[in-house]
Every structure is written in structure tokens, then in C-alpha cells.
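First the structure, in the form of C-alpha cells, and then the observations on it.
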Amino acid sequence: MASVDWFPIVFIVFKLGVLGVGMFFAIKWHHDKDKQARAASRAAAEATRKQHPWP
């Protein structure tokens with residue numbers, strides 16, 4: 001019976017750990033995608049600027 005008393009505590013800690021790791025990787029994935037999009041936009045702007053000699 002003693003193990004049944006510990007189940008909610010262990011389950012909640014495990015669940016919070018899994019959700020925390022999932023949120024970390026979701027935020028990291030979105031941040032990396034945004035960084036890639038900004039780099040591509042910057043490269044496109046640089047290519048356009050090189051085509052036109054005026055500022």
C-alpha cells in the first residue's frame with residue numbers, strides 16, 4: 001500500500017519534467033526557425049542591395 005501513496009508525487013514530478021523538456025525544445029525550435037528566416041531575409045536584402053549601386 002505504501003507505493004500507492006507515492007504514485008501521485010512521482011507521476012506529477014515526471015509529468016512536469018516531460019512537459020518542461022517539451023516546452024524547452026518547442027521554444028528552441030521556434031527560435032532557431034526565426035533565426036533562419038532572419039538570416040534568409042538578410043541575405044535576400046544583401047543580394048538586392050548589391051544589384052543596385054545606389055543606397
Side-chain angles (χ1 to χ4, degrees):
M1 278 297 198
S3 64
V4 176
D5 296 335
W6 284 98
F7 178 76
I9 297 170
V10 172
F11 180 73
I12 290 171
V13 169
F14 178 74
K15 186 175 182 178
L16 289 176
V18 169
L19 288 175
V21 169
M23 287 191 306
F24 170 78
F25 282 112
I27 292 169
K28 182 181 181 321
W29 182 80
H30 282 88
H31 177 72
D32 291 344
K33 293 297 261 183
D34 187 41
K35 193 188 292 187
Q36 286 176 349
R38 276 191 262 135
S41 176
R42 194 175 307 124
E46 185 69 27
T48 303
R49 192 171 53 145
K50 285 182 180 180
Q51 290 176 353
H52 301 290
W54 62 86

> Are any of the side-chain heavy atoms of Lys28 and His31 separated by less than 4.5 Å?
Replying inline: no
> Rounded to the nearest 0.5 Å, how far does CG of Asp34 lie from CH2 of Trp29?
Replying inline: 11.0 Å
>> If I take atom CD1 from residue Ile9 and atom CH2 from residue Trp6, how far apart are they, to the nearest 0.5 angstrom?
In response: 5.0 Å
> Taking Leu16 as the fixed residue, which of Ile12, Val18, Val13 is the one that meets the side chain to side chain contact (heavy atoms under 4.5 Å, CB included) rule?
Replying inline: Ile12
